[in-house]
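Some notes on the structure that comes next.
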Amino acid sequence: MARSSDPARSTPPGSTPGTLLSPADVARVVDRMAHQLIERYARAGGVGDDDVDPGGGRGDGTAGLSDLVLVGIPTRGAPLARRLAARIEAFTGVAVDVGTADITLYRDDLRLRGVRALEPTVLPDGGIDDRLVVLVDDVLFSGRSVRAALDALRDLGRPRSVQLAVLVDRGHRELPIRADFVGKNVPTSRAQQVRVHLTEVDGVDEVLVTEEGNR
Amino acid sequence: MKRHLLEAADLDRDDATLVLDTAAQIDQALAGREVKKLPTLRGRTVVNLFYEDSTRTRISFELAAKRLSADVINFSAKGSSVSKGESLKDTALTLEAMGADGVVVRHSASGAPHRLAHWVRGSVVNAGDGTHEHPTQALLDAYTIRQRLGRLDGVRVTIVGDVLHSRVARSNVGLLHTLGAQVTLVAPPTLLPVGVGSWPAEVGYDLDAALPKSDVVMMLRVQAERMNASFFPSAREYSRRYGLDARRMAALPDEAIVMHPGPMNRGMEIAAEVADSVRSTIVEQVANGVSTRMAVLYLLLGGSPQ
């Protein structure tokens, strides 16, 4: 079984099909990602250590968080972004803005896979201009969804910076894209499938590895 | 979805709902954006083939295709080889040779888009053929109703006026019925087509009786070019019996809306004060036309070519 009591520890290569994260693991991983986001954005504004401290004399170190916008990529990135925002608020008391950006109309595989129904695109009032955007998605695989999301963001506004948070990084990138916040790294074979289920969409929190071939 | 959109009957309830949902998402995604452009149809070619005059439909399709980054070629019969006697088929084969992915066609002959669909590989979208159908108008009307009233199922829609010559009415009756609305046609007997009894709609001749039971009133254009064909005694009499003025509008339920596909004859089928009232959706209909047509083009051309 690939189930792990410590979600931070990677499963060994050639992961066995089965449950990768239990409901409790998912909650723990989301909490840890929320803490990482707080650490990065409350202190340094998320743009790097040499950046000007956006906390600028406020002393409580939460000023950068008010510039943060968590933008979820539908379907499951959207509830994930809302959860991260809720956890950040629980830990710091700062309400972080949340949005969703549907990337379907920006995908480069529509001709291969056909059209599909669209999902909502909702941005906080005031947009994302000059904000610190963190894209949130469930699984990072080829990187093509993230590329499409970056294209969509370019049309939606001009954020000060964009970073990427994913619940699961399963490798096999096809583009020069990496995540800044990773809930769990999972070595997989291309033939395997990683499925993230979230209560809001699927009625249960879990991450599964199956042998069904590529998405 | 079928490959072509030739008539309202090409859309079953799921397809029609998908078009409306897609249009709503596109609307929401583009609202308040500086860059109102999406890369979805980059590298695709859409030909607007207009054998009949049109302002809003042609501009609306052109804008919809451009907002999806398609290359757009506008063809109007005037100033083309059609005036030298080229047939529809030869024009179609020319477009085919140039590699059109989508052809939006308006023609004065009912059925021309059906013929065209057999000659080209791309998707054909009917933008109005004769007195037959105008499916994207029906889609944008349904979208407008849903946007204003929040639903289509069980909504009572009264369509008033020249049903006989109206492709808008024909498409709306079909699509609104598919989507669960109850349609009533109100017109002088001379302006109702033969066989209207077999349409999925009630038929009446008394506008005043229909208004209190209407959530939506859709006024059709009285086609001035047919005014002297003795379909009715005089413009004044038509206006008195079938025109929508402020007095009649007051008989509508509180939430009811007034629609018109345009162009309007103010003072004829619709009074100016009605056209400019808060109940009127005429300007919204035009705006919704662009997003609805974007949805149609995306769903027909976005995927893999069959």
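Chain letters run A, B, ... following the sequence lines, proteins first and then strands; every chain starts at 1.
In terms of non-hydrogen atom pairs under 4.5 Å with chain B, the most contact-rich of D151(A), D155(A), L110(A) is D155(A).
Contacts between D102(A) and chain B at a heavy-atom distance below 4.5 Å are absent for every atom of the residue. For R154(A), no part lies under 4.5 angstrom from a heavy atom of chain B. Looking at K37(B), the atoms closer than 4.5 Å to chain A (heavy atoms on both sides) all sit in the backbone: N, CA, C or O. With a threshold of 4.5 angstrom between heavy atoms, L18(B) approaches chain A through side-chain atoms but not through N, CA, C or O.
In this structure, the separation between CZ on R33(B) and OG1 on T121(A) is 8.0 Å, given to the nearest 0.5 Å. In this structure, CG on L140(B) lies 8.5 Å from OG1 on T57(B), to the nearest 0.5 angstrom.
Side chains of Q163(A) and R40(A): a donor-acceptor N/O pair is present below 3.5 angstrom, by distance only. Using modelled atom types, one finds no donor on one side chain facing an acceptor on the other under 3.5 Å when comparing D67(A) with Y41(A).
Both the sub-6.0 Å distance and the 45° axial angle are not jointly satisfied by R106(B) relative to the ring of F50(B).
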